[in-house]
Each structure stands twice: as C-alpha cells, then as structure tokens.
Amino acid sequence: MKIITSVRKFCYLTESLKRHGKTIGFVPTMGYFHEGHLSLFRRARRENDVVVVSLFVNPAQFGVNEDFKQYPRNRKRDMRLCAQERVDYVFAPSITAMYPEGFQTYVEPGKLASGLCGKSRPGHFRGVATVVAKLFNLAQPTVVYLGQKDYQQCLIIRQLVADFDFQVQIKMCPIVREPSGLALSSRNTYLDEKGKQKALALVKAIRWFQARVKKGERDARLLKNGVRRILFKAGTRVDYVEILAARELSPFRKLSGKILLALAAYVPAGKRGGARNKVRLIDNCVMKIPKGGFI
Ligand code: PAF
C-alpha cells in the first residue's frame, strides 16, 4: 500500500491508472476508521482493479463552534487497517495542499442541502461539496462508495456528480451497526458507557417507526411525534426528526412511495464529549410503501 500526500503525485498516479484502463474504486473519508468504513473498502476491493481511499479531515465542512479540532484522529491505526483491507493507495493531503493560500472557489449545493443537517449546520454541505469536487477531480474514480448513514450527503454528492458531469458512479452502501443497533460513527468515540446507552434511543426510535409503518400507520405527524417522544424520554435533545420523500427530501403528510426517516439528536457524552459534553448523532432508515397496501 502506498501513502500519497502530494496533490501533484496523486494526479500523476490516477492519470496513469486511467491510461492503463484500470477501474478505480474510491472511498473518501475523514479517517478514524470503523467497520462502516471497512465495509466500503471491502466492496471497493471486490468491484475494482484499484482501491483508493482519501483521508482528510476537511476544515471547510465544520462550523466555527463544531468539533474540527477535537475530531478523532489516529493515522497509524488507519493506515494499518487500510493495509489489512488491501487498499492500494491512501491519499492523505495536508490542509495547505487542499486549500493553498488564495483558495477562494466553493461549490454551493442547492435545495437538497436546505433541510436536515444543512439547516442545523449552515455551510456544512458547501464544505463537503467543495472538497468532494476537488477529490473527484484528483482521484478520477470509476465508482465512489459512500455510507447511507450520511444519507443527505449521498444525495447531494449524486446531484453534484450529475450537475458537474463527473463521469463517476455513486454507490450508497448500507449502514453498519453495533450488535446493540447503534449506527457506527467516528463520533461514537466521544460517548462513555452511559452516553452509549442513551444513544440507543436513535435506533429504538427507528425500530418503533418501522414497526408502526409496517402495521399501516401513514400519518407523518403522528409518527414524528412518536419518534420525538422516544428520543426525549431517553434523555437526548432532538435536533430534528423528519419524514421525507427519499429522493427529493420533500415533506408530506401521508406517507407514500420511497420514504426516509432522518433523525439527529444531541446525546450527553460523558467526560469524553469535551467542553460542551454532548455529541450530535444522526441515523436514518429508508422504506418503500407499496401503493395502497401494507408492507
Ligand atoms: O463523510 C465524510 O467522511 C466526509 O463528509 C467526506 C465525504 C469524506 C468529505 O469530507
């Protein structure tokens, strides 16, 4: 496995891979790998000639009061895991390599970024879209693997690919969970045992929602209230609970078609949560509602 930090060298490499007709499976990451990341590396490995992972904690997607400085990092462990998963190249640039002095052009996503995390974290998706556009330019991927936990991010990146004519296929891969049901996230590391127990409210709320919908409930307001109640009772602070059309992220009163339940909640973190002592976690599920029938 080769680690590349220079933008120029990375360009030479990907150009040469392309010239030799290789397919490039690309996984963009911010590091601190867990099984969710590894599942993306494995799929990229199965489906491509060459696997490229980027490791860059992107300052442009963090707000001023967010956890950029505190974001967990462990480069040595990350590199070991990449080697174990037979990743071919890790692109790990510095901040100045990605944003040299004078950098001033940003990608502003449209409507898909206006709600959910886009509303709670102003500027977040502008930072994501900008770095992803740069990474796609450099990596020249054939297929990009993204995790469904960041569902809104996946849709925004798909739209970016369509709008900017990137010749790239985006594959959204399933959420990986702990046996307890907790969705894997690098930010789970902020949680102590008590915090982890409270964080289970997110998956509990999702399971309650899935069961109610399967039984035939279609009233979005009622379902949202039920989900909120579960999160509140567990001692988390709800950031948002939304039930939306899964493709356009538009709201509706009566559920129909392909639907997304998306949640974000602040969970008391314990000592590891830093000064603010709370962790913002997200989770979601997608369901298909057959016309006029039960699931
Ligand atoms: O999902 C992430 O880890 C990041 O948002 C991404 C896509 C690597 C861009 O920095």
Side-chain angles (χ1 to χ4, degrees), residues 4-5 7 10 24-41 43-44 51-63 66-75 77-78 81-82 87 89-99 103 106-109 112-113 116-118 120-139 141 143-161 164 166 168-176 183-190 262 264 279-284:
I4 300 165
T5 54
V7 165
F10 189 48
I24 302 176
F26 179 53
V27 187
T29 81
M30 299 207 299
Y32 211 75
F33 299 141
H34 49 65
E35 273 298 319
H37 295 107
L38 304 191
S39 71
L40 304 179
F41 302 166
R43 184 151 178 209
V51 177
V52 177
V53 167
S54 68
L55 197 169
F56 180 64
V57 185
N58 174 32
Q61 68 188 74
F62 289 81
E66 293 185 352
D67 58 344
F68 171 67
K69 278 209 179 116
Q70 194 194 352
Y71 195 83
R73 294 163 170 88
N74 188 339
R75 184 149 301 199
R77 178 176 167 274
D78 284 349
L81 289 169
C82 279
V87 167
Y89 299 97
V90 179
F91 177 53
S94 64
I95 294 177
T96 45
M98 288 300 274
Y99 299 110
F103 181 91
Y106 288 85
V107 178
E108 191 69 64
L112 285 170
L116 306 176
C117 292
S120 311
R121 303 181 66 188
H124 169 64
F125 286 122
R126 177 188 197 244
V128 170
T130 302
V131 82
V132 163
K134 284 172 72 74
L135 289 169
F136 286 4
N137 247 337
L138 299 172
V143 187
V144 173
Y145 298 84
L146 299 169
Q148 189 197 312
K149 194 170 78 63
D150 296 302
Y151 186 90
Q152 186 181 18
Q153 170 172 280
C154 292
L155 290 199
I156 290 167
I157 293 175
R158 273 210 179 122
Q159 189 67 45
L160 169 81
V161 163
F164 284 3
F166 284 110
V168 173
Q169 193 189 350
I170 300 291
K171 289 195 178 172
M172 195 193 304
C173 307
I175 298 177
V176 179
L184 295 186
S185 160
S186 302
R187 288 190 169 97
N188 290 353
T189 180
Y190 298 145
V279 185
R280 184 176 172 281
L281 297 179
I282 58 172
D283 204 342
N284 67 74

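Sequential numbering from 1 along the given sequence is applied to the chain's residues. The analysis underlying the following values was restricted to heavy atoms, covering all of them including side chains, and did not include hydrogens, waters or symmetry mates. Numbering of ligands and ligand atoms starts at 1, following listing order.
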Kindly state whether the ring of F136 and the ring of F164 have centres lying under 6.0 angstrom apart. no

What side chain to side chain donor-acceptor pair (under 3.5 Å) pairs are there with at least one residue in residues 24-34, not counting sequence neighbours? none

Mind listing the N or O contacts between ligand 1 and protein, cut-off under 3.5 Å?
unit_1   : atom_1 : unit_2 : atom_2 : d
ligand 1 : 1 (O)  : Q153   : NE2    : 2.8
ligand 1 : 5 (O)  : Q61    : NE2    : 3.0
ligand 1 : 5 (O)  : Q153   : OE1    : 2.7
ligand 1 : 10 (O) : Q61    : OE1    : 2.6

Name the orientation class of the two ring planes belonging to F103 and Y99 (parallel below 30°, tilted from 30 to 60°, perpendicular beyond 60°). perpendicular

With a 4.5 Å limit on heavy-atom distance, are the side chains of Y71 and R187 in contact? yes

I175 vs Y151 side-chain heavy atoms within contact, under 4.5 Å: no

Of L55, L40, V27, which is the lone residue that meets side-chain contact (heavy atoms from CB on, under 4.5 Å) with F33? L55

